[in-house]
Amino acid sequence: MNFTEFGLDPALMESIESTGYEVATPIQEQVIPKILAGRDIIACAQTGTGKTAAFLLPIIHRLLQNSNDGQVNCIILVPTRELAIQIAQNLEGLSYFTSISSIAVYGGNDGMNFATEKNALSKGVDFVVCTPGRLIAHLNMGYVKLAGLQYLVLDEADRMLDMGFHDDIMKIISHLPTKRQNLLFSATMAEKIRSLARKILHNPEEVNIAISKPPEKIVQEAYVVYEPQKLPLIQKILRSVPYKLAIIFCSKKQNVKQLNRDLQRARFNIAEMHSDLEQAEREDVLLRFKSGRIPLLVATDIMSRGIDIDNIDLVINYDVPHDGEDYIHRIGRTARAESDGVAITLISEKEQRKFAAIEALLGKPVRKGNVPEELGPVPAYTAQHNARKKSHRRFGPPQRRRP
Ligand code: AMP
């Protein structure tokens with residue numbers, strides 16, 4: 001589903017486009033319409049699924065239509081300062097072309113930040129992304145403008161309970177207007193989460209994004225390269241990794257057609273598969289592939305779901321799939337039934353962040369292979385590193401931005 005289908009505010013759409021999101025992730029597809037309709041939500045979703053944008057986008061949209069000036073409009077409670085910083089950064093990007101203001105409020109920093117936070121909380125700010133303890137420190141001083149609060153988000157609620165924040169959460173809630181929209185996100189749905197939800201949520205809709213993990217027997221590997229190195233590298237891989245049947249995935253059909261031409265020119269026995277082919281052509285290609293007459297197929301994600309061919313033993317992602325779900329579906333084409341399989345992903349510089357998000361979803365990094373020296377120098381894999389570097393940024397006073 002494309003973001004244009006949600007009917008979001010044009011300034012918000014502009015921010016989404018500049019962030020580079022095109023297609024909504026499964027959790028976004030499920031949750032955004034429900035939040036726009038004003039429902040309370042309890043959602044089971046892990047980091048890496050796009051859950052942050054799933055709650056930020058509809059709240060930003062609704063605040064652009066109706067925000068209480070001089071008030072805190074939305075509180076996002078999170079377990080750690082790192083998560084507060086990460087969400088605040090995401091929020092800055094997604095509200096860049098809008099008039100939405102925000103501040104991250106978290107413990108452990110110096111007195112100057114406390115004064116900045118006090119200033120924002122007493123003058124009003126659309127979003128406050130905060131850890132419970134620090135917010136309570138401000139609440140105890142009596143200046144936080146909460147009478148106009150409309151939204152409460154609990155993110156990583158299971159972690160907050162594990163860290164002993166239950167009473168702090170309930171204390172914060174006792175300061176809030178009772179008429180508000182509540183959204184609770186948690187990686188698990190343990191009984192203690194359901195019990196917390198019963199205390200806080202009103203007639204919630206439940207959303208469950210079950211992410212399947214890839215089978216252990218798939219050997220996953222990735223190569224970090226510059227985009228022009230992908231073509232020579234894939235040829236080397238196809239000549240050195242033994243396979244019976246292999247699929248190469250590209251996200252766009254233009255890329256599928258181009259790569260098919262390039263690899264045919266390099267004398268590989270290969271065919272292409274994408275939605276521009278007639279049904280009869282697709283069936284013919286599939287038949288020739290299944291029988292091994294053409295052992296190599298380059299395809300769009302049309303092939304990544306539900307196609308049952310048992311002896312595919314190599315999957316190559318020529319570009320990084322859009323999200324973790326797509327990655328798992330693509331590599332799941334190999335190592336079906338009893339056979340083992342290899343899944344290789346080529347990561348260009350601008351795809352590094354996307355791949356880091358997939359690794360976050362997998363819960364572990366994918367092994368990076370050595371690119372043959374004759375292909376020249378390669379970029380460093382800095383996606384994780386950048387995320388850490390950014391977290392040292394300070395947040396100044398909230399600012400109203402006009403497009
Ligand atoms: P989260 O699960 O919220 O931590 O998001 C994981 C990563 O996915 C972050 O780097 C987001 O910026 C990115 N992301 C979220 N939604 C999308 C989308 N629709 N398209 C591409 N990337 C996304």
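We count ligands from 1, going down the list as the structure has it; atoms in each ligand are counted the same way. As the structure is a prediction and not an experimental result, all values here were calculated from the model. Reckoned from all heavy atoms, side chains included, excluding hydrogens, waters and symmetry mates.
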As an exercise, identify every atom of ligand 1 less than 4.0 angstrom from a heavy atom of [X].
| X | answer |
| --- | --- |
| Phe3 | 19 (N) |
| Thr52 | 1 (P), 3 (O), 4 (O) |
| Val23 | 18 (C), 19 (N), 20 (N) |

With a 4.0 Å cut-off on N to O distance, would you call [X] and [Y] a salt bridge?
| X | Y | answer |
| --- | --- | --- |
| Lys230 | Glu351 | yes |
| Glu374 | Lys236 | yes |
| Arg134 | Glu117 | yes |
| Lys290 | Glu283 | no |

- Task: State, to 0.1 Å, how close Ile193 and Ala157 come at their nearest heavy-atom pair, and which atoms those are.
- Result: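 Reported closest heavy-atom pair: CD1-C, 3.7 Å.
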
Contact (N/O only, under 3.5 Å) between [X] and ligand 1:
| X | value |
| --- | --- |
| Ala357 | no |
| Asn90 | no |
| Tyr21 | yes |

- Message: Out of Lys354, Met1, His322, Arg353, who is nearest to atom 20 (N) of ligand 1 when you count heavy atoms only?
- Response: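 It is His322 that holds the nearest heavy atom.
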
- Separation between CD1 of Ile136 and CD1 of Ile169, rounded to the nearest 0.5 Å: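 These two atoms lie 9.0 Å from each other.
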
- Is Ile27 near ligand 1, meaning one of its heavy atoms is under 4.0 Å from it?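 No heavy atom of Ile27 comes that close to ligand 1.
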
- Message: Restricting to ring-ring contact (aromatic ring centres under 6.0 Å, His included), what partner residues turn up for Phe289, sequence neighbours left out?
- Response: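 By the ring-ring contact (aromatic ring centres under 6.0 Å, His included) rule, Phe289 matches no residue at all.
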
- Using a 4.0 Å heavy-atom cut-off, say whether Thr19 meets ligand 1 through its side chain, its backbone, both or neither.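 For Thr19, no heavy atom sits under 4.0 Å from ligand 1.
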
